[in-house]
Amino acid sequence: MGEYIGIDLGTTCCCSAVYSGGESRVVLNSNQQKTTPSYVAFAGDRRFFGMKAKSRASIKSFYLDK
């Protein structure tokens, strides 16, 4: 039996897991967490994903509301 990957692209958070040898394990993100916020942000030629993008969205919306 081979290895399989499952990806949940949720509207709030996303998660991925690997199934191999009859067992599954969740793939941790760079912050060692099981889920990543479903956010993407762009600033000039830079791209941000996950928590970095979510924090930028909070800052942006704060200034847009004024």
Side-chain angles (χ1 to χ4, degrees):
M1 191 170 215
E3 291 185 340
Y4 302 91
I5 187 165
I7 303 171
D8 175 9
L9 298 174
T11 56
T12 305
C13 289
C14 50
C15 180
S16 59
V18 174
Y19 181 82
S20 178
E23 295 185 9
S24 60
R25 67 175 176 83
V26 174
V27 177
L28 301 178
N29 65 20
S30 61
N31 296 325
Q32 301 303 307
Q33 297 175 338
K34 293 181 179 181
T35 60
T36 301
S38 297
Y39 281 80
V40 178
F42 301 93
D45 62 345
R46 298 178 68 195
R47 293 175 285 184
F48 301 92
F49 304 95
M51 283 304 295
K52 287 183 182 181
K54 184 176 181 180
S55 65
R56 288 190 63 82
S58 299
I59 293 168
K60 273 281 209 217
S61 63
F62 174 79
Y63 289 110
L64 291 175
D65 290 341
K66 288 188 170 188

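Note that these values count all heavy atoms, side chains included, but never hydrogens, waters or copies made by symmetry. If you're wondering where the values come from, they're calculated on a predicted model, not measured in any experiment.
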Exercise: identify the closest heavy-atom pair between S38 and T11: CB-O, 3.9 Å
Nearest-0.5 Å distance that lies between atom OG in S24 and atom OH in Y4: 13.5 Å
Using 0.5 Å steps for rounding, measure from the OG atom of S16 to the CG atom of L9. 9.0 Å
Distance-minimising heavy-atom pair for T35 and N29: O-ND2, 3.1 Å
Is there a side chain to side chain contact (heavy atoms under 4.5 Å, CB included) between Q33 and L28 once you walk through the steps? CA-CA 5 Å; Q33 297 175 338; L28 301 178; over 6 Å; no
The single option from C13, S30, C14 that satisfies side chain to side chain contact (heavy atoms under 4.5 Å, CB included) with T36 is C14
Which pair of non-hydrogen atoms, one from V26 and one from C15, has the smallest distance, and what is that distance? CG1-SG, 3.8 Å
